[in-house]
2 protein chains.
Amino acid sequence: MAARNKEQDKPRDPRASLALLWGEQEQPTRGPKPKLSPQRIAAAAVELADGEGLDAVSMSKVAGGFGVSAMALYRYVPGKGELVELMVEAVLAEGPDLSGVPGGDWRAGVREWARRCARVYAAHPWLLGATAMRRHVMGPQQLRWLDAALAALEPTGLGAAQRHQVFLLLVGLVRNLAQQVSDYDEEQDREWNRLTGELLARHADRFPALTKAIAEGAFEPAGLDPLEFGLDRILDGVEALIAGRE
Amino acid sequence: MAARNKEQDKPRDPRASLALLWGEQEQPTRGPKPKLSPQRIAAAAVELADGEGLDAVSMSKVAGGFGVSAMALYRYVPGKGELVELMVEAVLAEGPDLSGVPGGDWRAGVREWARRCARVYAAHPWLLGATAMRRHVMGPQQLRWLDAALAALEPTGLGAAQRHQVFLLLVGLVRNLAQQVSDYDEEQDREWNRLTGELLARHADRFPALTKAIAEGAFEPAGLDPLEFGLDRILDGVEALIAGRE
DNA sequence: ACCAACTGTATATACCGTAAACACAACTGC
DNA sequence: GCAGTTGTGTTTACGGTATATACAGTTGGT
């Protein structure tokens, strides 16, 4: 175990962050040619995180990949927090063109959006931890995804505030799912189930509903795709909302 | 900024964790009287986390609160990961008796469960980060909440696997909500909105749906309670599922 | 040519979690 | 009562982390 960053405790100038994320900073003409760029650094960090997890992303390791010292990175990035923001933007940029689905079928559109979003999280499990950091600033790519979701929701005829709420619900669904998946570990899971099963059997009276549910196979691998299940529930809920307004 | 723990990279014996969480370890009779106990340590850590955030919980600070050295804690707790697990159990234990709501109204029961769960997260914002750690082991208090949720869902007549899925949806809702709330910071939020607003105005063509939604006031403080809104959607979705099965 | 601006490095600080070796205290068996 | 064993708390040390600061080297504009 190493130490946990207090990623959020230094003020982190939002102006600087935004300039970085939107690529809106005039680059100088005077000094030596820079070897690196915020984007190249972020890309290297992403590669590292994809391979070894977010915790493996340290200034020193990232810098090492370029053969420069850790402090060199601070010429391009104000701090690690901002680097992570850049990483998020980088992987969010990978996503395809998010222009809506052809027809006026909002359910299909929203579903497709959620699937694509889930795919990004699946490809980069560390995204979850990276965006869980407090007070992060939205960059253009995050806004792009937000925009796409809102666009997909326009045909619902819901008000703006409600569309926003539904969007939050959808991101939440995808993120929770990603959480569960990233937590999963075949071997360890089996071990856990075994041990907890024993304990539970010994205290069955304290957990009647749980005991019954387990007996009925609630925790078997199950053919249910959690994403589709969640989407179905939420979309049905939204449909009910639309119906109720008329 | 300090360093980020790789909380999960040391094996962390599940047997030991479970014994700790269930309080099933025979205590010795030989040596000197211990001054501390896993529970007292966890309680102190919770207090610290409540006051200064999860990142403020370091072995050294917790130990300092008892006037002992950091290493003393390792006599009671295998490591920091396990300490955090104990913290989670501690705050989850605070929750009231979760016995279901009287009538056969499953919606009311589930709603009440979610509200209580949300209240715990609101009281201890660090819970989110604490349970986000990978591979955590469920203790009895976590099982108690799970049991209560499953019990509340029994009157729906849904299958065990589906009840489980709905449970996951509900926890997800509460957690995402907690995330949003804990991210919120009046001052900083205003600043962010201002700066991002400028940038967005300059790129309005790239984000048409978002621009429109903002114009319609989608991001105003809004009278919508996100928890109730989310619950309404999900419960309606579940109701549709029940109806569809008949 | 000079100087200002810029890049990268080396060094140092202040944390973090925790392994290892140790001194002491208290109970068990004699 | 005494010895031995076992558990407690401390000290020290190690390898990590982010990053502040002071410096050396490079480059372009003047």
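Within every chain, numbering begins at 1; the chains are lettered A, B, ... in the order of the sequence lines, protein sequences first and strands thereafter.
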Between protein and nucleic acid, restricted to nucleotides 28-30 of chain D and to nitrogen or oxygen atoms under 3.5 Å apart, what atom pairs and distances do you find?
from	atom 1	to	atom 2	distance (Å)
dG28(D)	OP1	Lys33(A)	NZ	3.3
dG28(D)	O4'	Arg30(A)	O	2.9
dG29(D)	OP1	Thr29(A)	OG1	3.4

Report, one line per pair, each donor and acceptor closer than 3.5 Å where one atom sits in a side chain of residues 198-205 of chain B; sequence neighbours left out.
from	atom 1	to	atom 2	distance (Å)
Glu198(B)	OE2	Arg194(B)	NH1	3.3
Arg202(B)	NH1	Glu24(A)	OE1	3.0
Arg202(B)	NH1	Glu24(A)	OE2	2.9
His203(B)	ND1	Leu199(B)	O	2.9

Whole angstrom is fine here: how far is it from CG in Leu83(A) over to C1' in dA18(D)?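 From Leu83(A) CG to dA18(D) C1': 12 Å.
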Which part of the nucleic acid, if any, lies within reach of [X] when heavy atoms closer than 4.0 Å are counted: base, sugar-phosphate only, or nothing?
X        : result
Met59(A) : sugar-phosphate
Tyr76(A) : sugar-phosphate
Ser69(B) : base

Going by the rule side chain to side chain contact (heavy atoms under 4.5 Å, CB included), which residues pair with Ala148(B) if we only count those two or more places apart in sequence or in a different chain? Leu98(B), Trp113(B)
Would you give the length of the straight line joining atom [atom1] of [X] to atom [atom2] of [Y], rounded to the nearest 0.5 angstrom?
X         : Y         : atom1 : atom2 : value
Gln141(A) : Leu86(A)  : CD    : CG    : 11.5 Å
Glu94(B)  : His124(B) : CD    : NE2   : 3.5 Å
Leu195(B) : Met138(A) : CG    : CE    : 14.5 Å

Mapping Ser60(A) and Arg75(A) onto DNA chain D by nearest heavy atom, which one lands closer to the 5' end?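 Between the two, 5'-proximity favours Ser60(A).
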Enumerate the residues from residues 37-53 of chain B whose closest heavy atom to DNA chain D is under 4.0 Å, giving them by residue number; use none for an empty result.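 The stretch gives none, as no residue of it lies under 4.0 Å from the strand.
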Who are the salt bridge (charged side-chain N to carboxylate O under 4.0 Å, His left out) partners of Arg119(A), not counting sequence neighbours? none
Who passes salt bridge (charged side-chain N to carboxylate O under 4.0 Å, His left out) against Arg115(B), sequence neighbours left out? Glu228(B)
Which nucleotide, dT19(D), dG9(D), dT7(C), lies nearest any side-chain atom of Lys35(B)?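 Nucleotide nearest to Lys35(B)'s side chain: dG9(D).
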Which of the following nucleotides, dT18(C), dG7(D), dT26(D), is nearest to the side chain of Pro32(B)? dG7(D)
Mutual orientation of the aromatic rings belonging to Phe207(A) and Trp22(B) [parallel < 30°, tilted 30-60°, perpendicular > 60°]: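 Answer is perpendicular, since the angle exceeds 60°.
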Would you say a side-chain N or O of Lys61(B) is under 4.0 Å from OP1 or OP2 of dC16(C)? yes
